Amino acid sequence: MIHIKTPLTEETILRLKAGDMVELSGTVYSARDATHKKFFDALESREALPFDIEGQVIYYMGPTPPPPRKIIGAAGPTTSSRMDSYTPRLLELGLKGMIGKGKRSREVREAIVKNKAVYFAAIGGAGALAAKRIIKSKLIAYPELGPEALYKLEMDRFPLIVANDSSGNDIFELAIKRWNI
């Protein structure tokens with residue numbers, strides 16, 4: 001298990017390889033489809049994004065409402081390919097990491113290599129367990145989107161798998177080759 005912290009440095013990103021298991025600690029921003037659309041509306045209007053994206057990590061997740069005495073509800077990943085059309089531009093703006101589930105498009109994989117970034121896969125179907133590794137949650141923009149609003153999260157040893165590394169390796173393609181499927 002490799003322990004890493006945000007903001008991700010180039011040194012950290014370059015040593016991560018597809019298939020590595022990591023525990024991530026530090027600040028991560030949650031954003032799903034509707035939030036990404038808001039980001040692009042802001043960029044087209046020449047407005048600043050509601051957070052400094054340089055060196056940051058986005059978790060493709062919309063939490064459920066928190067139960068009593070909890071800071072966040074279930075916090076499982078959503079399907080990353082829904083953000084593929086937005087991702088290359090966000091990587092060009094300085095985004096260094098993404099967390100979600102499922103394969104990414106060829107364009108996103110190429111942008112990950114070009115911008116020295118990384119894509120992590122989180123375990124789907126384990127949102128209640130994932131929420132236990134989120135120690136702070138703060139709404140910072142787009143409250144009208146409900147669970148898809150932009151949240152600033154603090155994670156403590158959040159378990160992930162490196163799915164796409166900065167050298168162009170893809171865990172999904174590696175698995176197909178390894179298992180001849």
Side-chain angles (χ1 to χ4, degrees), residues 4-10 12-13 22-67 70-102 104-105 107-112 114-122 124 127 130-158 160 163-164 166:
I4 59 174
K5 293 183 178 183
T6 61
L8 297 177
T9 65
E10 188 171 314
T12 297
I13 291 169
V22 303
E23 287 184 331
L24 177 70
S25 296
T27 300
V28 170
Y29 294 87
S30 71
R32 291 181 48 141
D33 322 44
T35 313
H36 280 71
K37 174 78 170 81
K38 291 274 194 180
F39 290 163
F40 275 68
D41 289 347
L43 292 170
E44 286 182 19
S45 300
R46 299 184 184 270
E47 297 171 10
L49 294 178
F51 70 110
D52 182 0
I53 199 168
E54 182 71 37
Q56 299 302 325
V57 175
I58 291 178
Y59 183 17
Y60 303 140
M61 181 274 296
T64 62
K70 301 285 184 181
I71 60 159
I72 196 166
T78 195
T79 304
S80 301
S81 61
R82 296 192 337 229
M83 270 56 73
D84 279 358
S85 62
Y86 303 108
T87 302
R89 181 148 184 222
L90 295 179
L91 290 168
E92 288 176 9
L93 292 172
L95 179 69
K96 287 298 180 187
M98 300 140 291
I99 302 169
K101 66 178 180 182
R104 306 307 301 264
S105 69
E107 292 79 14
V108 169
R109 293 191 316 260
E110 289 172 357
I112 288 170
K114 178 182 174 188
N115 295 287
K116 294 182 176 60
V118 64
Y119 167 58
F120 301 102
K132 291 182 177 184
R133 297 297 178 104
I134 298 172
I135 56 176
K136 289 183 185 173
S137 173
K138 180 180 179 184
L139 174 67
I140 61 169
Y142 315 133
E144 69 276 15
L145 298 179
E148 290 203 37
L150 180 64
Y151 288 88
K152 181 179 181 181
L153 309 172
E154 290 296 319
M155 295 184 164
D156 180 34
R157 298 176 299 116
F158 196 88
L160 300 165
N164 291 100
S166 60

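The model shown is predicted, which means the values in this text are computed figures rather than measured ones.
- Proximity of Arg89 to Leu43: side-chain heavy atoms (C-beta onward) are separated by under 4.5 Å at one or more points.
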(request) Start with the C-alpha gap between Leu49 and Phe40, add the side-chain angles, then the distance that decides, and say whether side-chain contact (heavy atoms from CB on, under 4.5 Å) holds. (result) CA-CA 9 Å; Leu49 294 178; Phe40 275 68; over 6 Å; no
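- Take Asp33 and apply the side-chain contact (heavy atoms from CB on, under 4.5 Å) test, not counting sequence neighbours, and it matches Arg82, Met83, Glu148.
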(request) Check the pair Glu54 / Leu95 against side-chain contact (heavy atoms from CB on, under 4.5 Å), numbers first and verdict last. (result) CA-CA 5 Å; Glu54 182 71 37; Leu95 179 69; over 6 Å; no
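- Residue Arg157 comes nearest to Ser25 through the heavy atom pair N-OG, 2.9 Å, listed as atom of the first residue, atom of the second, then distance.
- The minimum heavy-atom distance linking Pro7 with Gly55 is given by the pair CB-O, 3.5 Å.
- Counting only heavy atoms from C-beta outward, the side chains of Tyr86 and Val108 never approach each other to under 4.5 Å.
- Annotation: salt bridge (Lys or Arg N to Asp or Glu O under 4.0 Å) contacts of Glu110 (sequence neighbours excluded): Arg106.
- Summarising the geometry, atom CD1 belonging to Ile53 is positioned 6.0 Å from atom CG belonging to Leu93; distances are rounded to the nearest 0.5 Å.
- A 4.5 Å side-chain heavy-atom check between Arg104 and Asp84 finds at least one atom pair inside the cut-off.
- Side-chain atoms of Ser137 and Leu153, non-hydrogen and from C-beta on, do get closer than 4.5 Å to each other.
- With rounding to the nearest 0.5 angstrom, the CD1 atom of Ile58 is 10.0 Å from the CD1 atom of Ile99.
- Lys70 has its side chain out of reach of Lys132: every pair of non-hydrogen atoms, C-beta onward, lies at least 4.5 Å apart.
- A side-chain donor from one of Glu154 and Thr27 sits under 3.5 Å from a side-chain acceptor of the other.
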(request) Applying side-chain contact (heavy atoms from CB on, under 4.5 Å), run through Lys96 and Lys116 and close with a yes or a no. (result) CA-CA 7 Å; Lys96 287 298 180 187; Lys116 294 182 176 60; 4.3 Å; yes
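- Here the OG atom belonging to Ser80 is positioned 2.5 Å from the OH atom belonging to Tyr119, to the nearest 0.5 angstrom.
- Here the side chains of Lys5 and Leu24 are not in contact, with every heavy-atom distance at 4.5 Å or above.
- For the pair Met98/Tyr59, no side-chain contact is recorded, criterion being any heavy-atom separation below 4.5 Å from C-beta on.
- Taking OG of Ser30 as the start and CD1 of Ile72 as the end, the distance is 7.0 Å to the nearest 0.5 Å.
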(request) Could you check Asp41 against Glu47 for side-chain contact (heavy atoms from CB on, under 4.5 Å), going step by step and ending with a plain yes or no? (result) CA-CA 9 Å; Asp41 289 347; Glu47 297 171 10; over 6 Å; no
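- Between atom CZ of residue Arg133 and atom CG of residue Leu160 there is a gap of 10.5 Å, rounded to the nearest 0.5 Å.
- Side chains of Met155 and Ile135 form no contact here, defined as non-hydrogen atoms less than 4.5 Å apart.
- Contact record, Pro63 with Pro147: O-CB, 3.3 Å, taken as the closest heavy-atom pair.
- Put simply, the residue from Leu91, Thr87, Val118 that forms a side chain to side chain contact (heavy atoms under 4.5 Å, CB included) with Ile112 is Leu91.
- Note that OG1 of Thr12 is 7.0 Å distant from CD1 of Ile4, once rounded to the nearest 0.5 Å.
- Nearest heavy-atom pair across Ile71 and Lys136 is CD1-N, 3.2 Å.
- Checking side-chain atoms of Tyr142 against main-chain N and O of Ala34 turns up no donor-acceptor pair under 3.5 Å.
- The aromatic rings of Phe51 and Phe39 sit tilted, their planes meeting at an angle between 30° and 60°.
- A pairwise comparison of heavy atoms in Ala74 and Ala131 identifies CA-CB, 4.5 Å as the closest pair.
- Taking the six-membered ring for Trp and the full ring otherwise, Tyr151 and Tyr29 have centroids separated by 6.0 Å or more.
- Side chain of Asn115 to main chain of Ala117: no donor-acceptor pair is present (N/O by atom type, distance under 3.5 Å, no hydrogens or angles).
- The minimum heavy-atom distance linking Ala149 with Ala141 is given by the pair CB-O, 3.6 Å.
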